[in-house]
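Report on the structure given below.
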There are 2 protein chains.
Amino acid sequence: MTSRAAARLAAGAPVIATAHFEAEADPFHPVDNPSGHVNLGTAENRLLEDVLQPLLTARRTPVDTRYGLPHGTAPLRAAVARLLGGTWHAPVDPDDLVITAGATAALDIAATVTCDPGDVIVVPAPYYSAFAGDLTDRSGARLAPAPMSPDTGFALDVDVIDRTVRELRRQGETVRAVALSSPANPHGAVYPAPVLRDLLRVAAEHDLDVISDEIHAHCAFGPEPFVSVLDPAVLGPHADRVHVIWGFAKDFGLSGLKVGVLRPARPTRDAARALAYFATVSTDTQALLCDLLSDGERVSALLAENGRRLGGSHAHASALLTAHGIRHVPASAGLSIWLDLRDRLDEPTFAAEDRLWRRTRAARVNVLPGSAFGAPGPGWFRLCHAVPADLVTTGIDRLATATAPSRSTP
Amino acid sequence: MTSRAAARLAAGAPVIATAHFEAEADPFHPVDNPSGHVNLGTAENRLLEDVLQPLLTARRTPVDTRYGLPHGTAPLRAAVARLLGGTWHAPVDPDDLVITAGATAALDIAATVTCDPGDVIVVPAPYYSAFAGDLTDRSGARLAPAPMSPDTGFALDVDVIDRTVRELRRQGETVRAVALSSPANPHGAVYPAPVLRDLLRVAAEHDLDVISDEIHAHCAFGPEPFVSVLDPAVLGPHADRVHVIWGFAKDFGLSGLKVGVLRPARPTRDAARALAYFATVSTDTQALLCDLLSDGERVSALLAENGRRLGGSHAHASALLTAHGIRHVPASAGLSIWLDLRDRLDEPTFAAEDRLWRRTRAARVNVLPGSAFGAPGPGWFRLCHAVPADLVTTGIDRLATATAPSRSTP
């Protein structure tokens, strides 16, 4: 027999993953496989591989194959605490950190310790598409989008959060949290401290927790520096209501290691640790990361280089898009650009967006449609550029051709 | 705010883990720390570390830090399928395997895809103590023990399973599965094929799935060979109702890597894959295991050596126990011996068992009380012997002294 959960889960394979593995199964190569897929759909940072190669040299030892604490070895939590202390501009107690098998597990744990099944998490939309599964599949929580405006580049408008919560409560919903990506995914905005302060204030007024996915903390390349909700310039009296997620996938380009970090709100820490049993990271991989983090200067240089390369990659992609007449929201952080293809839809509907998406995939370029990100209206797509520049060039060329308004259609 | 799940999870830290980390924080050393803890409570196989040292040499590469399939990389699933094909005496399709962050996650997934919250899983008792959390914490299922008899060394009696299911249903419970450790944990029995066939037959008669935790498959050292429920000599027409768990912790002594394997019943495979997103293993660790498994002869030699060393370790511990007059159930597999200290309780109650446990911990030796294993009556303890022999000797000496019936107490 299969449980109700099994039936629900089997039905909903994440579109983002399906498209990723489809593209990765037959990858483009200019000489060997020119008709292969160009995958600009997956937010994987492949810009650091040459930098990482000489750094992944930690020797393996049987001692690192023994059981570690399920919520992370003491050495790794200490090393991450040092790193994130710099990021958050505040001392970090390693005992406040929970290491998890990827940010997916960290998001799930944050949602599970905050929400009972049926409770609602408000998310500014567009939102990171995997929120739809990560925050709900296991916790039983539901997402409610708070639609931001294309006219402001989807800037975070706290009044919209406020109105959305009030409206949901008027309808009898139990709203428990606000979750956001900061910096924003898909559109790459860096949120200024005053906006985040306002968000925490409004959340507190509504007795809500805030789940801040800061996995792109060191992926900012614009003039505005990244600020965490845990930064003293933001946090105020809300430490017990804030859950922060971080990980090694984006800032260090180590997505396959599946190492996430959760700083749960204190009242939920013991429960978060208990849930970490189900998502424990290999001690061998934890030892590798300890070794990588052991040299503070090397880490600073790596993270600075990451920002430089992402900035360069974004500038390259943005210039190409402009040259092809493809409108987009300029990003200040992250691995992706949010494309405005509304003028290339044959009608202003999500069905038309889906048709356009099929055309791009037929042209062997993978970008993801806005519907997967809860975009407030149709015609938006996310393009990830953190791959070698020639791949970005080929992909954008294909995208421009595939989406060019056809003048011959009646 | 914290969810109901968080409140429940925070309240129930597993006793087995608490005792483990308490003991590991101050470990015994004959010279450096003679008053430290001797940890014979944790089922960790430390007998292979010298054999593993020269084998853990796989080079790390950035390619192995890219995203892999969440349910396991194709190369690792292929390598594990080859290995388990030999174990199960039947060809294994790598697509039927799900790699998870430890057997804990594999057990959780099996329970979650089988049971709705509130449903019941019947377990022959005594059972693996972590079943109590692994099979229930996230799935919402509940365990119901089917008590086996001390008079037969807790041999699996399928009639007791049958009666337990009937009684639970009479009480209105929704019973969905039977779960067992095979070989048995804590008492190290190897189940013969006819008994397992009977179990599958009875489960089928009651429309139940069977969850078989075979993590000790290659830890058998007695005359009886291990037989999987997936072995053609057992399985019969029940392939769609059987979930098998395996992992690298016991058979390879690689507990810290937290790599579990689930062969879910086919109808639940897609759901199991979806849940594997929340428990994905580091690609770097998966590449290490691919390298380790690449030489079939080396693997066979390693597994044979594991059986020999566990057999030797068991014989050493058993002889010492006998010399000290400590009764126990002889094991044929696994890392532990099930001690019968009923004659050392000051009264036949679980309260007395707990008092005796406190005396052993005060004597700086960690063994776990039967209450944690759902033992049908008080006075049983699990002693793990898969550590260096001098540690076993010191631990059993301490245990004998600490539990010796005190003749001076009035």
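Naming convention: chains lettered A, B, ... in sequence-line order (proteins, then strands); numbering from 1 in each chain. Just so you know, these numbers use all the heavy atoms, side chains as well, and skip hydrogens, waters and symmetry mates.
With chain B as partner, the option from A:L48, A:I109, A:L107, A:T285 having the largest number of non-hydrogen pairs under 4.5 angstrom is A:T285. No other option in A:L208, A:V281, A:D108 has as many heavy-atom pairs under 4.5 Å with chain B as A:D108. Counting heavy-atom pairs closer than 4.5 Å to chain B, the top-ranked of the candidates A:L52, A:D134, A:T57 is A:D134. Most heavy-atom pairs under 4.5 Å with chain A, from the set B:E24, B:R269, B:R46: that is B:R46. For the set B:P267, B:S282, B:S3, the count of heavy-atom pairs under 4.5 angstrom toward chain A peaks at B:S3. Interface summary for chain A: among B:E49, B:R66, B:K258, the most heavy-atom pairs under 4.5 angstrom belong to B:R66. Ranked by heavy-atom pairs under 4.5 Å with chain B, the first of A:D50, A:N45, A:L254 is A:L254. Between chain B and the residues A:D270, A:T114, A:T268, the largest count of heavy-atom pairs under 4.5 Å involves A:T114.
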When you look at A:R176 and A:D116, which way does the salt bridge (charged side-chain N to carboxylate O under 4.0 Å, His left out) test go after all the steps?
CA-CA 9 Å; A:R176 297 294 284 270; A:D116 293 313; 3.6 Å; yes
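Between the side chains of A:T112 and B:R138, at least one donor-acceptor pair of N or O atoms lies under 3.5 Å.
A donor-acceptor pair is defined here as one N or O able to donate and one able to accept, closer than 3.5 Å; such a pair exists between the side chain of A:R142 and the backbone of A:G118. A donor-acceptor contact shorter than 3.5 Å is absent between the side chain of B:D209 and the backbone of B:A177.
Closest of all the heavy-atom pairs between B:V387 and B:L40 is CG2-CD2, 3.8 Å.
With a 4.5 Å cut-off on non-hydrogen atoms, A:L275 touches chain B through its side chain but not through its backbone. In this structure, no portion of B:R273 lies under 4.5 Å from any heavy atom of chain A.
In this structure the side chain of A:F252 reaches within 4.5 angstrom of the side chain of A:L292, judged on heavy atoms.
Look at B:D207 and B:R241 and you find a salt bridge, because one of the NZ, NE, NH1 or NH2 atoms lies within 4.0 Å of a carboxylate O, short of that distance.
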